[in-house]
Each structure stands twice: as structure tokens, then as C-alpha cells.
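These notes are about the structure you will find just below.
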There are 2 protein chains.
Amino acid sequence: MNITIKDVAKAANVSVATVSRVLNNKNNVSEEAVRAVNRAVDDLGYSPNFLGRDLRKSETKRILAIIGTTEQSFYNDVLRGMQDAAYVEGYDILIVTTRDNAEHEMHLLGMLFSRAVDGAVLLAPRLDSKTISDLSKRYRIAICLERLDIDDILCVTIDNERAGFDVTSYLIAKGRKRIGLITTKVRSQSSVDRENGYRRALKAAGIPYDEKLVYYGDYDLSSGTRGCEELMSLDSKPDAIFSISDTISIGAMTYAVQHGITVGKDLLFFGFDNITYSHMFMPRLSTVDQPCYLQGKTVIEKLIANMKTDTPDKSTYMLPHSLILRESTGD
Amino acid sequence: MNITIKDVAKAANVSVATVSRVLNNKNNVSEEAVRAVNRAVDDLGYSPNFLGRDLRKSETKRILAIIGTTEQSFYNDVLRGMQDAAYVEGYDILIVTTRDNAEHEMHLLGMLFSRAVDGAVLLAPRLDSKTISDLSKRYRIAICLERLDIDDILCVTIDNERAGFDVTSYLIAKGRKRIGLITTKVRSQSSVDRENGYRRALKAAGIPYDEKLVYYGDYDLSSGTRGCEELMSLDSKPDAIFSISDTISIGAMTYAVQHGITVGKDLLFFGFDNITYSHMFMPRLSTVDQPCYLQGKTVIEKLIANMKTDTPDKSTYMLPHSLILRESTGD
DNA sequence: TTGCCTATTGAAAACGATTAGAATTTATTG
DNA sequence: CAATAAATTCTAATCGTTTTCAATAGGCAA
């Protein structure tokens, strides 16, 4: 039914070994054989079955990128970086979504256990760090955009704690005393780290931490809106709001604008990620820029390097972030 | 080195055949054997090598979803629909991006030719329709969100021509006479269809087509901004602008707002896709809602059905769209 | 002609699973 | 208890490649 290497061999009047050699551009094969094989391949419309090849070679040249959902628009640059790095080494990146479900994440990692891919990058791990850490002993895994509290696994990220500290310190330097935080119920390490940075900055400035000023929501626009509404209904309202993502922050800012609050003066806003939308609307949103493309590129380079060695690199790499100051903080 | 089914067989003191039967939940195997095998599997931490299994079975239970970039936020719902439909049939969806490059699209389709996946869905084909049509004769391929001008391939989409007609007719009914169109240089079938609908509506209303009113740009926000700027610098300015995506339309509207144009009165805006951002900002954007989740779900159901038969369904399914009227059209 | 070296080639053994079909064990029946 | 049926189990073939190793052919020197 299907055309196999045997059919090509027969048509070209050579052995399957020779066909294989031609297909893989080995040098020890005569001009004549090359021609005959290529003709047969064309005539029959043959293309090699990767299942056979991969089984024999025990490698697939494919890497899994496990994300939560494709919604987070800044993944796009990360994935571009990953693809570019993979391309130069002859790998393909397969994207797969967990829909923020740990069980499904484990199911997808099954592709790794069962050798359907050579390695995996987790971009929004929901599994607990012990599990991931154990897996990383047997398989080629890396984390990107996040880190694990157990740090015996390859990680490429930014210093989120530091970024949270930087943002909060900046708002304090602007004379703000009651700084709200809109974060997520889901305790991703990056959210926790940003929150810790926020607390450290408060402490460093001698401002007492007030749990009422912290809102725990989801990752979407409307969650930001609800968060802002909640915080602004407090008896002593915040004078600045730091959100752990631009999407959330834009949702929050929308509430303020629609309720006549002067953004950038009465209330400052600071986001995170520097997505396209963050500078398209008035007032433009101050935010933290993280090197998405570079993180993606780096994690794949390191991961592929790890595949080639018995002594894998398990370091955590923190790439530099920067604050982008715009109208939402009165800049 | 790696643990194979043989190791499990040895540890459980049975043959590989029995191990395989236990692993695949066949009924003709004794309780005792099941226990022994399961224990051995746990002890050894074995998980089956899919390359071996897939080769033998000649199926992978994986379907490729080929998109342009993950940027387009409305893909998220489509992919969710695809995954849900795939899940009930035991398939996984692998997402892969062409970065809008036909050559790379062909490379990715290689996974189909080489049997690394069982089928593929094209969500933003860049290859010419002849090529795709030919491939669909040998492989299980479907199109989603788009269609081909050659219609001998499974397609799940909306009636984009009709939608373009509906939008334009609505604007005309609102008394508008000079209706601008912001579309894309890349001639995707959906863009072409929407543009054709636009023209048909003009003609039906006896309004002459004016090529100056059509701007060809990219898919992003800033392209909308540039498009609006260009159209508004015409001697006889448009009194309404239809953009082929919300992202573009929001970019366009941003230009208007920032230049003191009263949106919804001086200038009406109509978008396409009903993305989250479209109703988050004042003025809220009127747009076309297309059933993303349903299209994704449907295309996978039909594709999997096609995999089980020798007489595949090559129909084009057009699911219903609807107009969402908001402030940008004065509603 | 013979021998030796090199360049090609082919036969057959992997890779790790599934699955027919044969072989064995166990249960059932007269 | 023997004969038969049913339930398990095993051996070995198979999927489509790559790759080792042996075999062959051709060229060249002696």
C-alpha cells in the first residue's frame, strides 16, 4: 500500500542500504546509484517514514514547548526565539497546551517518556517542583519564563523578584505610599517572586504590608477590572497599582478611566511584559520589558547542548529586564 | 540502557506478548499476570516507546495544527475546540507555526508525509491551493478558518464573503456613502472573500467602488493606525471604516481617537473576530463574531471521521457568523 | 597473471513495540 | 479418567528504517 524504501530499492535496482545512504547524503556511494535512487524517489513520490527512522536512530529531532494557553500574546516572541535556535540545529518545535491543568501537563510529558520527542521546555509549569525536578533527572527538560524553587534544573528566565522590587521601589520613589498589587490566584513562581519583590521594596521603604491591598485574580483583562474595582472600594484607597501582567493592568486601567480617575496622577499603573497593546492606548502603560525572544533562543540552545552531553547544565540563567516608563506613571 | 518491554517481561517472568497485552488492557490475560506486569512496570519506571508502537500500528494518534503565528489571539478558542474534539477520540493536537512562510509550511507538512502525525489542519495556508489540493488526495488534510478556491478538500469556515457583505450593507444602511476598507497585503482567501463581499454590497447599493478607499497593510495594530491615517488624509475622507480584523480596527480607531475624531458619529468603525479587547475600550468596537470554538471542534471531528473511511468527506462547511453592534457604529 | 588496496555494494541485524498462530495450561464434560 | 473445550501464554514475524560487516568489483603494481 504505502511506498517504502524497499520499493525504491527495487525500482532503482539497488539494495535498501544504498537507498538509505543516498537519502542521508553519505559520500560512499557512486554517482550512478545516486541518480538511479533519486529518479526512483521522484517517480514513486516516496518520502521516508520517520517512525522507522526515529526508532532506529532513537531520536526524533523534535522538542516540545509546553505552554498554558496560546492566549498570552508575549509567548509569540518566546516561541520565535525557540524556533530560530532549533532551526539551526535541525530541530522542530512542537507547541502543546496544558490549559493550565497539571494532569494534562503530565499527559503531554508522556510524549517525552515515550520518546516521541527528544526534549521539552516548560513555559508555565503547573506540576509541583518536586515532580519536575525528578523528571529532569531522567529526561531532557528545561524551564523558560519561570523557575523552580528546587534549582537543579535548567532554567532561563528573568529575575522576577528583582523586577517586582524595582517596580515597587519606583512607585515609592514617586511618592506613593499605598501601593496595590493585582496578582493571580494561581501561584506560578513568577507571580510569587514578583509579589516577594513587592514586599521587599515596601519593607525597605518602611511601609507596612497591608494584605487588603493585594488582589488575587486570573490572567485576563476582566480580572484586572474587577481587581481595580475592589481595591478602589477600600476605605483607604491605593495611590498606585502594580499588576503582574499588562493584560491585567490594562483591564485595571480601563476601570479607572471609565470612573473618571486621572491615571498617572491620582492613580499610577504599572504592568508587566510590554505587550503591543500596552503602548497603543492613552494613557500608555508603564511596564517591565523582558527579553522574550532571547529567553526562547537561549533555552533551546542550552537544552540542545544538554542533549549532546552526559553532564547536563542545570543552571538558572536570569536575563536582564528593564522598566519602561510611560504616561500611566506620569512619565 | 533504556528500559524496554523486554526488561519488564524478564522482571515479571512472562513474555513480551503478555506485557504488551497488559499494557493495552486486553482481556485475555490472567489476574496474576496483570499484577506481576504492573509491579514490574512500577519497579522499573517503564513507559512504552511510542516509536516502536507507532511504527507497528502505523498510527500516531497525533494531529498537526498548522498556524501562522500564535499572535492572533482568537486562535486560542479554535485550538481549544480542536483539542476537546481530539481528546474524546484519544488524539493529541500538536501546534506548529509557519511564520507565514510557504516554504516552512511545506517543511512542516513533511511530518505528515513521513507519518510522524496522522493528519493536519491548516489554519492559515500560504501554499497555493493547487499544491494543497494535490496533497489532500494522498493525506488527511483539512482547512479551518479559511477555504480554498479549489473546493475538493475538507473545509470548516464561515461565509466570509457574506460577512463582508453584511458589514458593508449595515454601514450603508446607517447612511454611510464613503466606506473605507483596511485589509492585508497577504491575500488570504478570507481577506479576499471579505473584500469581495464589501464590493458586492457597494454595487448592490449603487455606490461606485473607489480603490483609494482600500488600504493594504499587515495584520497588526500599527498597520491599522497607518491605514486610518492614510484614509483620513484623502481629499474626500471616508465616513466609515471596515477592517478585516479587530486588531487592525483597534489600531485604526486609536488613530481616530487621538486625532479628535468622534468615533461612532463622524466616523464609524467595524472590525472582525470579536476578540476580548474589542469590547474593553471606549468606544467599544462593533465586530463580526465567528464561532471559533465550534469551527475548531468541527474540523477535528470531520477529520478524524475521514481517517476512518476510504471515502473521505471533502465538503466545505460554513458555520454561521453574526454582527455585534457596539458604540463604534453609534449603536 | 597474481595480489593487494580502495571504492561500492548488499545481506542481515538491530531499534521496540504489536499480534498472528502455535503451544501450553487449566477447566469442563461425559 | 480420558477427551475436549476454553483460557492463557509464548514464539516469531512484522512495521520501515539505519548501520555493521562481509563481499564484490575495479584499479594498479609487481
Side-chain angles (χ1 to χ4, degrees), chain A residues 1-38 40-41 44-62 90 110-118 139, chain B residues 1-38 40-41 44-62 90 110-118 139:
Chain A
M1 183 63 221
N2 274 319
I3 300 142
T4 74
I5 198 172
K6 272 189 197 161
D7 302 317
V8 177
K10 200 168 293 173
N13 218 11
V14 295
S15 72
V16 293
T18 301
V19 176
S20 175
R21 279 188 280 255
V22 173
L23 260 33
N24 292 281
N25 308 306
K26 307 267 166 146
N27 48 356
N28 53 344
V29 47
S30 68
E31 291 280 333
E32 197 188 346
V34 173
R35 267 195 306 277
V37 169
N38 283 333
V41 166
L44 298 174
Y46 166 79
S47 63
N49 182 318
F50 279 2
L51 297 174
R53 167 182 298 186
D54 294 346
L55 173 59
R56 179 58 223 246
K57 289 196 168 185
S58 272
E59 78 167 357
T60 64
K61 288 279 181 180
R62 271 168 240 135
M111 291 183 63
L112 189 60
F113 312 153
S114 55
R115 312 280 160 189
V117 293
D118 296 343
Y139 302 100
Chain B
M1 185 60 222
N2 275 319
I3 300 144
T4 75
I5 199 172
K6 272 189 197 160
D7 302 317
V8 177
K10 199 167 294 173
N13 218 13
V14 296
S15 74
V16 294
T18 302
V19 176
S20 176
R21 278 186 286 257
V22 172
L23 261 33
N24 292 282
N25 309 307
K26 306 270 164 141
N27 47 356
N28 53 344
V29 47
S30 69
E31 291 280 332
E32 196 189 343
V34 172
R35 268 196 305 278
V37 169
N38 282 333
V41 166
L44 298 174
Y46 166 78
S47 64
N49 182 316
F50 280 2
L51 298 174
R53 166 183 297 185
D54 294 347
L55 173 59
R56 180 57 223 249
K57 289 197 168 182
S58 272
E59 78 169 356
T60 64
K61 289 280 181 176
R62 273 170 239 132
M111 291 184 63
L112 190 59
F113 312 153
S114 55
R115 310 281 161 188
V117 293
D118 296 343
Y139 302 100

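Chain letters run A, B, ... following the sequence lines, proteins first and then strands; every chain starts at 1.
Pairing each heavy atom of A:N28 with each of A:R21, the nearest pair is OD1-CD, 3.8 Å. Annotation for B:N24 and B:K57: closest pair OD1-NZ, 4.2 Å, computed over non-hydrogen atoms. Contact detail for A:Y46 and A:I3: the closest heavy-atom pair is CD1-O, 3.5 Å. In this structure, A:R53 and A:P48 approach most closely via the heavy-atom pair NH2-CG, 3.7 Å. When every heavy atom of A:L23 is checked against every heavy atom of A:V41, the shortest pair comes out as CD1-CG2, 4.1 Å.
The bend of the helix from C:dT1-D:dA30 to C:dG30-D:dC1, defined by the angle between the axes of its first five and last five pairs, stands at 60° to the nearest 10°.
A heavy atom lying under 4.0 Å from DNA chain C marks the following residues of residues 10-20 of chain B, by number: B:A17, B:S20.
Look at CG on A:N28: it is 12 Å from P on D:dT19, rounded to the nearest Å. With rounding to whole Å, B:D54 atom CG is found 15 Å from D:dT17 atom P. Whole-Å rounding puts the A:L23 CG to D:dT18 C1' distance at 11 Å. Taking atom CZ on B:R21 and atom C1' on D:dT9, their separation rounds to 6 Å, with Å as the unit. Atom NZ in B:K57 sits roughly 16 Å away from atom P in D:dG16 (whole-Å rounding). Rounded to an integer number of Å, the gap from A:L55 CG to D:dT19 C1' is 13 Å. For the pair A:L51 CG and D:dT17 C1', the interatomic distance rounds to 10 Å; values are reported in whole Å. As a whole-Å value, the separation of A:K6 NZ from D:dT18 P is 14 Å.
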Would you check, one step at a time, whether the test side-chain contact (heavy atoms from CB on, under 4.5 Å) holds for B:T60 with A:F50?
CA-CA 11 Å; B:T60 64; A:F50 279 2; over 6 Å; no
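Side-chain N or O atoms of A:N49 include one that pairs as donor or acceptor with a backbone N or O of A:L51 at under 3.5 Å. Checked by atom type and distance alone, the side chain of A:D7 pairs as donor or acceptor with a backbone atom of A:T4 at under 3.5 Å.
Between chain B and DNA chain C, the heavy-atom contact criterion of under 4.0 Å yields a 5' to 3' nucleotide range of C:dG16 to C:dT19.
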Could you pull out every donor-acceptor pair under 3.5 Å between side chains of residues 10-19 of chain A and any protein atom, sequence neighbours left out?
from  : atom 1 : to    : atom 2 : distance (Å)
A:S15 : OG     : A:A17 : N      : 3.4
A:S15 : OG     : A:T18 : N      : 3.4
A:S15 : OG     : A:T18 : OG1    : 3.4

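A:R115 comes within 4.0 angstrom of nothing in the nucleic acid, heavy atoms only. Note on A:N24: only backbone sugar-phosphate atoms sit closer than 4.0 angstrom, heavy atoms only; bases stay farther off.
One finds no side-chain N or O of B:S30 lying less than 4.0 angstrom from the OP1 or OP2 phosphate oxygen of D:dA7. Listed pair A:N49 / D:dC15 fails the phosphate criterion, with no side-chain N or O lying under 4.0 Å from OP1 or OP2.
Under the salt bridge (Lys or Arg N to Asp or Glu O under 4.0 Å) criterion, B:R62 pairs with B:D54, sequence neighbours left out. Remark: A:R115 engages B:N2 in a side-chain hydrogen bond (donor to acceptor under 3.5 Å, both in side chains) (not counting sequence neighbours).
On a pure distance criterion of 3.5 Å, a polar donor-acceptor pair joins the side chain of A:R56 and the base of D:dT18.
Sequence order on DNA chain D of the closest nucleotides to B:G52 and B:E32 puts B:E32 first from the 5' end.
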